[in-house]
Trainee: 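Below is a structure I'd like to ask you about.
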Amino acid sequence: MSRPGAAVRTEALTKTYGSGETLVRALDAVSVDIHRGEFTAVMGPSGSGKSTLMHLTAGLDAATSGRSWIGDVEITALDDKALTLLRRERVGFIFQAFNLLPTMDAQANILLPLKLARRRPDTDWFDHVVAVLGLGDRLTHRPSELSGGQQQRVAAARALVSKPDVVFADEPTGALDSAASEQMLTFLRASVTDLGQTIVMVTHDANAASYADRVLRLADGRVDADERR
Amino acid sequence: MLTSPRRLLSAALALALGVGFVAAALMLATSLDATLRTAAGGAIRDAKVVLTENGDVPDPLALTDEYVTRLGDVPGVERVRTVVTTQAMSPAGTHLSMFVLQTVPELTERTTLVTGRLPEAPGEVLVNQVAAQMRGWAPGDTVHLEVDDTREFTLVGVVDAGTDTTTNLEAPHVFLQMPDIHELSGRTSYTDLYVHGTGSEQELTDAIRALPETAATHARVLTAAEASDLRITQFTRGSEQLTVLLLSFGAVAVVVAGLVVANTFAILVAQRTRQLALLRTVGATRGQVFRTVLVEAGLLGLASSLVGLALGAGAVAAIAPLSRGSGVLQIEGLAIAPRDVLVPLAVGILLALGAAIVPARQATRIAPLAALRPQAATAVDPRVRQGHPLLAAAITVVGFVLLAVGAVVLPAQGVSPGLSVLVGIAGGLLSVVGVLALGRRLVPAVARLFAPGMGHLGGAPAELAAENAVRNPGRAAATTGALLVGVILVTMMTVGAATGQASIQRELDGQFPMDAQVISSGPITDAQVERARSLPEVAAATVLREGGVETADDERWLHLLGFDGDAAATFRDPDLLVGLADDTLLAGPETELADGSTVTLAGEHEVALRVVVRPGLGRTSGVTASTMLALQPDAPRSLGLRLADDADPVGAVETISAALGGDGPTVQVMSLADQRAQMQEIINTVLLVVLGLLAVAVVIAVVGIGNTLGLSVHERRQESGLLRAMGLTRDQLRASLGWEAVLLAAVAVVLGLVLGAVYGVAGVATLIASDATVVPALPWARLALIAAVALLAGWLASVLPSVRASRVPPAAALALGE
Ligand SMILES: Nc1ncnc2c1ncn2[C@@H]1O[C@H](COP(=O)(O)OP(=O)(O)OP(=O)(O)O)[C@@H](O)[C@H]1O
Ligand SMILES: [Mg+2]
């Protein structure tokens, strides 16, 4: 059903909160394709539904109606367990804040998804990701001992180490200064260009969006514009 | 705090249970007292003066008929009620049983005739319903009574004897007229006189005391009020101990509730950091914040205490109908004294206030800026103050040293048990306090021991749980503390009971090395021996020769048993007879013969024997049957028996006497086996009651675990969301929280079992007489049950919070803020 090349696809995906007077259409019948190997930025004003779109397409929340696929798996048809296993195997995440478990050191945080999936880490790949992100000497540190930028890089390493089908990033640079943002975005860009990774990034920041191949603009829960560079 | 009703509910529950326990204990005591007062006062009725035995003088009581006549002449005396209470045996078949012998009662509201009539002529008796049921007696039957020799009486009636006739309602009674009692027992004195008359109690009492003949009666002359008080103290001695016991468990419940409540309040204040800080930014003073927290705690304390009072009263009211006919703990109905309401109320409110003080002080230290700071991603909890670990360790060590002094050193010195018990209790309490204070270090350390094993068993969820359980050591310690106290107490009682039982058993085995001995009126026949051996109730039987011989030099008398070769099999301790030969004398320690010495016994012949001391023999000595016959050729034959392990001891005695009674001489089976069984039953019953009471403490503790876990789950919402996003399934999240609770419970179980076992054995050691040996006994099956129940309870406590946590969609959990 999914066209070849679509890493993520939605069909009339809708999410509403509340009912009656207080009904909010956070997402209003959105149909989009996210292409494999592309860096897609999702932009829009606050409250336009960016995070909601990401949560639904990543299987973190249930849609009110409509359908959504990751690769050729229709995630809107999956039960919670299957959905969780799918996230574990095929999706990577970078959040704006609170990305890491405070009780684990950086290395354990990076390897957490693999551990949950009982998968053996690919050591060469792990070393490569860690080296590229400059985390080599920080692996034994706990999140509280890392700067905000370092924490985000650990999260990025975690998202990529399992070679997921798609990485979702919700304002990954939202809490970073411009230098650290630059570094993060360069890394994300490189992983798309050099490794063919698929990335969906929610952002407010036009500069951040400039790293992407494509920009989807949301307004009031609908796709307002779809720009390709 | 009143804004988090759900979490408050569990603190309130813990408080209510603790207060309810104290209230129930007090109300039970009051109700018992009221019941006993009616019962004890019963026989006095409206008498003004009571004359009764004076335990302080050795002279026999002489309340004779002449004296009663003399009393009638005292001005103001209208009537003297005379009562004799004594005992007699009544044979039935081959055995005797004890009956209370009493003068014929007056019929009243509480003492009513069931059938027949009261005795009127000599030789007529009345019995109470207990006796009638026990023997199947009805009017017209013949009753044999025996004091020195046996006499026959005719039963003329059955009476329902109430508390105004006897204080021992469950005992079989025979009532007969004074001349018959005199003839049967030779008694000329009454045991109690109740003087009815005019004037005040005191005046009448003084008049009787002034009577010259009174001194010669050696009786105590008491006003009715004095007599009633005296009886109540006699009766309530047991029930006071019961109250103390109940109250001490109440204290435990309160301490555990206190731990849980303090923890909950700390949690609630921590949760409200922002809210309280916001109050401060808008201008609330520290004092205002402090008072807000305390007032809320006080209100909570009041409300929960009221619920607790209702629970306590309800429990006692529910017990009342069940208690009828239980004998020991009989209460007519719920009675409440003012103290039963005031004390629990005060305890509950003070407990709530006390538990709130530390969190309230912390609340005042919250800087107004905390309201503005974003929620920290790390969950390091600065709340719980760190008591000095060295001090805690010192307290623990001192506690255990005192415990050892109370359990080992003092008893060995022959100090009175009272002192060693006090020292032991002080040591035990100190060491528990010390261990609880060490909890911040101890609990995580023990938990880490389990972590690798748990990871193996439960995979990633269990590994996460192992980390999470101890990330906040103060909270982990507080949570396990409550359960720890519960497990310690339950284990202590269980091990203590088993150890006490084993130790008493060892004593009994020593004094009565055989289960049963059959003695007979004539020489026991070989047919009877064979008959005994063939019974399934009998595991082993041997012919004994029993006699007494004097030592040749100092003419000391020795109780001697002559053993056949097959005797060893009849002993519970088969090694008892090792070393028995024709030239040895196995002597118990109470014979005071020196081990290895030679003693010459002067019987029919003089025989020189080498002494081998056997502690198990008590005051008996043993020789071979041939030595015995050389000393005393006519030594009577008796039969020593060991009962089969699965035989009911009481039934076995009946069966054996019935089986051997048929041919040959009349036999009597003397057995302690039924006494042992009885002892076991009593210990088991007491244990069951105590464990039931302690279960309340465990329930409170489990509420505490659920509470803490609920808070942790709340605090870690984002983490859980993150984990769920990373691929932790719902089941795994639930499992992880389950593991966390079970791990904390396991720490409490391990520490609790070890400490409880130590306290149990030490407790028996402080109590037991210095010359008895303590036999530590660990009832493994019961201990395993305790562990299983505690772990299960821990897991149960996790069910609600974990279900709640797993229902939250990861997206919602990840969203920042509330
Ligand atoms: N749990 C919720 N309950 C009710 N309404 C919600 C909930 N989550 C989101 N909304 C509403 O849905 C709409 C879309 O929210 P969403 O978080 O997707 O916006 P956003 O584009 O990510 O905004 P921002 O840039 O501020 O992060 C908003 O109007 C928001 O108020
Ligand atoms: Mg958003």
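Here is how names work: the chains are called A, B, and so on, in the same order as the sequence lines, proteins then strands, and each is numbered from 1.
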Trainee: Please classify the contact of B/Leu723 with chain A as side chain, backbone, both or neither, using a heavy-atom distance under 4.5 Å.
Mentor: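 Contact with chain A is through both the backbone and side chain of B/Leu723.
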Trainee: Report the option among A/Leu85, A/Thr52, A/Leu116 that has the most heavy-atom pairs separated by less than 4.5 Å from atoms of chain B.
Mentor: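 Of the options given, most contacts go to A/Leu116.
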Trainee: Answer yes or no: does atom CZ of A/Arg119 have more than 12 heavy-atom neighbours from other residues, nucleotides or ligands under 6.0 Å?
Mentor: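 For A/Arg119, atom CZ is crowded (more than 12 foreign heavy atoms under 6.0 Å).
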Trainee: More than 12 foreign heavy atoms under 6.0 Å from CZ of A/Arg222: is that the case here?
Mentor: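 Counting other residues, nucleotides and ligands, CZ of A/Arg222 stays at 12 neighbours or fewer.
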Trainee: Side chain, backbone, both or neither: which part of B/Leu728 has a non-hydrogen atom closer than 4.5 Å to chain A?
Mentor: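 Looking at B/Leu728, backbone and side chain both touch chain A.
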Trainee: Does a side-chain heavy-atom distance below 4.5 Å link B/Pro810 with A/Arg87?
Mentor: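 They are in side-chain contact.
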Trainee: Please look at A/Leu112 and chain B and tell me whether the side chain, the backbone, both or neither of the residue comes under 4.5 angstrom of a heavy atom of that chain.
Mentor: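 The answer is the side chain of A/Leu112.
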Trainee: Enter the distance from A/Thr103:OG1 to B/Glu719:CD here, rounded to the nearest 0.5 Å.
Mentor: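 The distance works out to 6.0 Å.
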Trainee: Please determine whether a side-chain nitrogen of the Lys or Arg among B/Arg724 and A/Asp80 lies less than 4.0 Å from a carboxylate oxygen of the Asp or Glu.
Mentor: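 A/Asp80 and B/Arg724: salt-bridged.
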Trainee: Tell me the closest heavy-atom pair linking B/Gly727 and A/Arg88, and the distance in Å.
Mentor: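 B/Gly727 and A/Arg88 have their closest heavy atoms at O-NE, 2.8 Å.
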Trainee: Which atoms of A/Met54 come close to chain B, meaning under 4.5 Å heavy atom to heavy atom: side chain ones, backbone ones, both, or neither?
Mentor: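 Neither; nothing under 4.5 Å.
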Trainee: Looking at A/Asp220, I'd like to know if its CG atom is crowded, meaning that more than 12 non-hydrogen atoms belonging to other residues, nucleotides or ligands lie closer than 6.0 Å.
Mentor: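 For A/Asp220, atom CG is not crowded (no more than 12 foreign heavy atoms under 6.0 Å).
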Trainee: Can you tell me how far apart CG (B/Leu722) and CG (A/Leu60) are? Round to the nearest 0.5 Å.
Mentor: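 The CG atom of B/Leu722 sits 10.0 Å away from the CG atom of A/Leu60.
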Trainee: So which part of A/Phe95 gets closer than 4.5 Å to some heavy atom of chain B, the side chain, the backbone, both or neither?
Mentor: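 Contact with chain B: side chain only.
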Trainee: Can you pull out every salt bridge (Lys or Arg N to Asp or Glu O under 4.0 Å) where at least one residue sits in residues 143-161 of chain A? Sequence neighbours excluded, please.
Mentor: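 For residues 143-161 of chain A, and leaving out neighbouring residues, there are no salt bridge (Lys or Arg N to Asp or Glu O under 4.0 Å) pairs at all.
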